[in-house]
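Data block below; observations after.
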Amino acid sequence: MKLGEIAQRLGAELVGGNGDTEITGVAGIEHAGVSEITFIANPKYAAQAKTTNAAAILVEPDFPALDGTATLRIKNCYRAFAQTITFFYHAPKYAPGVHPTAVVDPSAKIGTDAHIGAYVVIGPDVTIGLGAVVLPHSVIYAGATIGDRFFAHAHAVVREFCRLGDDVVLQNGAVIGADGFGYARETAGGWTKIVQSGAAVLGDRVEVQANACVDRASIGETRIGDGSKIDNLVQVGHGSTVGQDTLLCAQVGLAGSTEVGSRVILAGQVGVAGHCKVGDGAVATAQSGIPSDVAANSVVSGYPAMDNKLWLRSVAAFARLPEMVRELRSLRKERSE
Amino acid sequence: MKLGEIAQRLGAELVGGNGDTEITGVAGIEHAGVSEITFIANPKYAAQAKTTNAAAILVEPDFPALDGTATLRIKNCYRAFAQTITFFYHAPKYAPGVHPTAVVDPSAKIGTDAHIGAYVVIGPDVTIGLGAVVLPHSVIYAGATIGDRFFAHAHAVVREFCRLGDDVVLQNGAVIGADGFGYARETAGGWTKIVQSGAAVLGDRVEVQANACVDRASIGETRIGDGSKIDNLVQVGHGSTVGQDTLLCAQVGLAGSTEVGSRVILAGQVGVAGHCKVGDGAVATAQSGIPSDVAANSVVSGYPAMDNKLWLRSVAAFARLPEMVRELRSLRKERSE
Amino acid sequence: MKLGEIAQRLGAELVGGNGDTEITGVAGIEHAGVSEITFIANPKYAAQAKTTNAAAILVEPDFPALDGTATLRIKNCYRAFAQTITFFYHAPKYAPGVHPTAVVDPSAKIGTDAHIGAYVVIGPDVTIGLGAVVLPHSVIYAGATIGDRFFAHAHAVVREFCRLGDDVVLQNGAVIGADGFGYARETAGGWTKIVQSGAAVLGDRVEVQANACVDRASIGETRIGDGSKIDNLVQVGHGSTVGQDTLLCAQVGLAGSTEVGSRVILAGQVGVAGHCKVGDGAVATAQSGIPSDVAANSVVSGYPAMDNKLWLRSVAAFARLPEMVRELRSLRKERSE
């Protein structure tokens, strides 16, 4: 595809390059070859613009002029780069049709143009909207309600009575609505299982990635708001709520009845205790442990999570602890002399 | 259902209310509507008894009298609440029968009244007791032995020669008896796989939740005791043993040959190193890392895990580390003057 | 099997024992019975050689002589022990043949002697080498290329266009090549999914254990080098690379574009941030959090990860923090008097 055509399709301004240059693909700034296009979204990497082999770089409109390398200038150049990938990559297509091995209950209602793959099992009273792609071995339990353009990868599971909005994506092995971890202690010390009667409810445009689990609730519901994204191996405990456009990165764990706001980012392996609230726009850095409420728009780190800047100073001091112990001892000794 | 009937079925004492009040469902104390019943098991939430909209509250017998809101008084009111949920929620039922697509080896012995779902695969020499419910896509490998009233959700796996007691529940994607992570180092630096010859053995009333893994052992067995419960995404390494009525919360990891006692609670994301012992009744708070033995009935926190009370004081001081560094410097300076 | 035959098959020297002794199995040093064979690879456990009931112990050639217990002496005795297990344990065998319920696209090319189990789904243009064992419910997406002697346990998934070398093993629920967690932020605050166009590529002899996830890349590839082993519930983020013979223990998480070298060991629950490098031969102890580059052959611990020895001293001091706070206060007070 010619560089000029890419600029045109993106609506980007081509500066310092030849629109006839043939582009064969996309790549990261360090790995791009002479016929590839790359991007610089983070000013931190601006210096690499001078050493890359790329034929052209997608940059923000105010990026400094470059000698010798073409730039495509456009606002939100990272988003434009994401679009550029689709010019070159052709994902598998799934034509409408129901595979003869799919077991679909006669009472299930499935919208037009659905692709239902081999060995899919769809239970009684399920509703699925238009244009679904349900890949092999996915299982939709009784009474689940799912919106339009549902995309379920192989081995995804939606449990009984769960409700999913439009444009929901489930990666392989994602489990929506399995039983929460709820038991009442017997007087004799054992545990009685508490029926998990409440559904898991996902809003529009929610994506749940591979082998992640969003549990159903014992009472009420577990809710994930519109546009939120849940990475691999994340645990969302029963009765938790997550707002809109929030990111839960890989291996994050929310205990039960946790409330996470909108536009929150919980980085990898963060844990949040039950019954506590994370305010809108808050960010928790990787591996943080959150035992109590977090204010909106704050950035927290560590366990128990504290203000990120204080934490950075504290961990710097942590490595000096042995030295501090010695200094204290020495001060005490001098004092006693 | 009338409030009086609920009281009667639970064996609870109705105080300050009308037995004819119609109850439509159950809810948490904050969300309960005027025709719903709720509970207060934790005295911490007693104040909410005055503001809830609920028609009635399940409480312990010695709960203070309330003006205006009915109470149902019963010992272990949380357990009674769990029972109340079942009066209103109707989980899907699975009638006995073997789906025509199930692939059951002729040598497998399955007890009466079993529901075997679509695409279930049961290997040679498997034994399953009475009243099993095995949902679609579950796979039981050769030689597995399973007790009565087994319940396996879609995509559960039981590997070769594993032994499960009565009343075992596996949620979706739970894997019992996959190979442990065992390799012998080659002189040249590579790794030779060690055959994992020992089964994973689950006692009676064990529940393993979604996408959790209980590995088989290289030699000997991996054992989970009666009544223990394992939450989503937990890892139980090869050759580990867990006692009775223990709870392993979400994303807990036990390395190899770890010994966890009875009535232990490991909160979310706790890790326990190999070859170490956690005594009966111990509790580890969330994200603790346990590198060495933990005494029975102790409460530990942090990494490396220490006494919870000491840890609380230490993390409080941790946030003051930068200040301590300054103070030390200042004391030294004053001393040198 | 007679002890002498075991010695002969291993090429070990039998010292202080009778070759005619009948051995019935293998066991750990503490649990071995009088007709079992065990091993001592770690000198730490040498004292147990005197108390074990085992009929014989596999040891290194220079192990001290024992009274009363036979030893089999051989270099890398742990490896020899691993071999001994196979003399007694008979894993299920899977005879060549394609189960009639397997759905194999006509364009797929599968090598000779393959066992393709019930309900396996193999997509268009897939290539699999000789001697594969693909167990029930495994799904191989379009265009995947897999080498010889592939072993996939039930519910394993290989996504579109991924490439696997020879002798790759996937345990149950392992997902190779699911979408990475990549989104571009919209100006309005939402997230646009970035197409994940790059494959996940596994070298020869890679094993990925139960419910672990190796994501595909947005651009370029995610790569796991020859001989590396990935434990249960591990997350390998998109665009990451792992060298040769590296071990990622259970629940480890690599964020995006992380570079982990060869012969590295990341213990359980370790997290590594995106775009950072872990040098060859480095070791990170359990639960470490690695936010920046780690030098080759270093041993790191804690979060943020630091030199292991410094960390050990620092955590020792950490438990003394409350005492240090008091001492500082006291020094200040004395000074002011």
Side-chain angles (χ1 to χ4, degrees), chain A residues 25-28 31 75-76 78-79 81-82 85-86 88-89 91-92 99 101 117-119 135-137 153-155 169 171-173 205 207 209-211 226-227 229 231-233 244-245 247 249-251 263 267-269 285-287 302-303 315 318-322 324-325 328 331-332 335, chain C residues 101 103 119 121 123 137 139 141-143 155 157 159-160 173 175 178-179 181-187 189-195 197 211 213 215 218-220 233 235 237 239 251 253 255 257 269 271 273 287 289 291 303-304 306 310-311 313-314 316-318 320-321 324 327-328 331 334:
Chain A
V26 293
H31 302 106
K75 269 197 171 173
N76 201 342
Y78 185 53
R79 189 183 183 292
F81 181 71
I85 297 173
T86 67
F88 294 95
Y89 178 68
H99 196 277
T101 63
Y119 303 123
L135 294 185
H137 298 278
H153 273 283
H155 297 122
V169 176
Q171 296 287 330
N172 309 89
R205 301 179 310 284
E207 175 161 1
Q209 296 207 325
N211 289 341
D226 294 347
K229 315 294 183 184
D231 199 355
N232 296 343
L233 299 164
Q244 296 184 18
D245 295 325
L247 302 184
C249 298
Q251 298 170 321
R263 297 173 309 285
Q269 301 183 334
T285 62
Q287 292 192 332
Y303 178 50
V315 293
F318 177 76
R320 296 177 53 193
L321 266 175
M324 289 169 69
V325 169
L328 260 177
L331 280 165
R332 169 58 63 202
R335 174 107 210 128
Chain C
T101 62
V103 172
Y119 303 124
V121 175
H137 298 280
V139 178
Y141 279 59
H155 297 125
V157 171
R159 289 276 300 268
E160 59 271 23
V175 178
D179 283 5
F181 197 61
Y183 306 90
R185 200 191 274 270
E186 293 292 329
T187 313
W191 299 98
T192 298
K193 184 171 172 71
I194 298 176
V195 169
S197 68
N211 289 342
C213 302
D215 277 354
S218 53
I219 50 173
L233 299 165
Q235 146 76 354
Q251 298 171 320
S257 305
Q269 301 184 334
Q287 291 193 332
Y303 177 49
M306 60 177 74
L310 174 58
W311 178 80
R313 287 197 302 268
S314 295
F318 177 76
R320 297 179 51 194
L321 266 174
M324 288 169 69
E327 173 71 350
L328 259 177
L331 279 165
E334 291 170 37

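Each chain gets a letter, A, B and so on, in the order its sequence line appears, and its residues count up from 1. None of these values were measured; they are calculated from a predicted model.
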(message) Evaluate C:Leu321 against A:Leu321 for side-chain contact (heavy atoms from CB on, under 4.5 Å), listing each step before the verdict.
(response) CA-CA 9 Å; C:Leu321 266 174; A:Leu321 266 175; 3.9 Å; yes

(message) Please determine whether side-chain contact (heavy atoms from CB on, under 4.5 Å) holds for the pair A:Tyr119 and C:Thr101, giving the CA-CA distance in whole Å, both sets of side-chain angles, and the decisive distance to 0.1 Å.
(response) CA-CA 10 Å; A:Tyr119 303 123; C:Thr101 62; 3.7 Å; yes

(message) Using side-chain contact (heavy atoms from CB on, under 4.5 Å), reason through C:His137 and A:His155 one step at a time and then give a plain yes or no.
(response) CA-CA 9 Å; C:His137 298 280; A:His155 297 122; 4.2 Å; yes

(request) Could you please spell out the steps behind the side-chain contact (heavy atoms from CB on, under 4.5 Å) verdict for C:Trp191 and A:Asp245? (result) CA-CA 7 Å; C:Trp191 299 98; A:Asp245 295 325; 4.1 Å; yes

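Between atom CD of residue C:Gln287 and atom CD of residue A:Gln287 there is a gap of 7.5 Å, rounded to the nearest 0.5 Å. Rounded to the nearest 0.5 Å, atoms OG1 (C:Thr187) and CZ (A:Arg79) are 7.5 Å apart. In this structure, CG on A:Asn232 lies 11.0 Å from CG on C:Leu233, to the nearest 0.5 angstrom. Taking CE from A:Met324 and CD from C:Glu327, the interatomic distance works out to 12.0 Å, rounded to the nearest 0.5 Å.
Ranked by heavy-atom pairs under 4.5 Å with chain C, the first of A:Arg320, A:Lys229, A:Gln244, A:Arg205 is A:Lys229. Among C:Gly253, C:Ser197, C:Ala184, C:Ser257, the residue with the largest count of heavy-atom pairs under 4.5 Å with chain A is C:Ser197. Heavy-atom pairs under 4.5 Å with chain C peak, among A:Val315, A:Val325, A:Asp231, at A:Asp231. Between chain C and the residues A:Pro136, A:Gly173, A:Gly268, the most heavy-atom pairs under 4.5 angstrom are made by A:Pro136. Options C:Gln251, C:Gln269, C:Arg159 differ in how many heavy-atom pairs under 4.5 Å they form with chain A, and the most are formed by C:Arg159. Among the candidates C:Arg185, C:Arg313, C:Gln235, C:Glu160, the residue making the largest number of heavy-atom pairs closer than 4.5 Å to chain A is C:Gln235. Most heavy-atom pairs under 4.5 Å with chain C, from the set A:Leu331, A:Leu247, A:Thr285: that is A:Leu247. Heavy-atom pairs under 4.5 Å with chain A were tallied for C:Val157, C:Leu310, C:Asn211; the largest tally goes to C:Asn211.
Taking the six-membered ring for Trp and thresholds of 30 and 60 degrees, C:Tyr141 and A:His153 have ring planes inclined between 30 and 60 degrees apart.
The shortest distance between side-chain heavy atoms of C:Tyr183 and A:Glu207 falls below 4.5 Å. Residues C:Glu334 and A:Arg332 are in side-chain contact: their nearest non-hydrogen atoms beyond the backbone lie under 4.5 Å apart.
Of the atoms belonging to C:Ala178, heavy atoms from both backbone and side chain fall under 4.5 Å from chain A. With a threshold of 4.5 angstrom between heavy atoms, A:Asn76 approaches chain C through side-chain atoms but not through N, CA, C or O. Interface remark: A:Arg335 contributes side-chain atoms only to the contact with chain C (heavy atom separation under 4.5 Å). With a 4.5 Å cut-off on non-hydrogen atoms, A:Phe81 touches chain C through its side chain but not through its backbone.
Residues C:Val195 and A:Thr86 share a closest heavy-atom pair of CG2-CG2, 3.3 Å. Scanning all heavy atoms of the two residues, the minimum distance from C:Val121 to A:Ala118 falls at CG2-CB, 4.0 Å. Nearest approach of A:Ala82 to C:Ile194, heavy atoms of both residues: CB-CG1, 3.5 Å.
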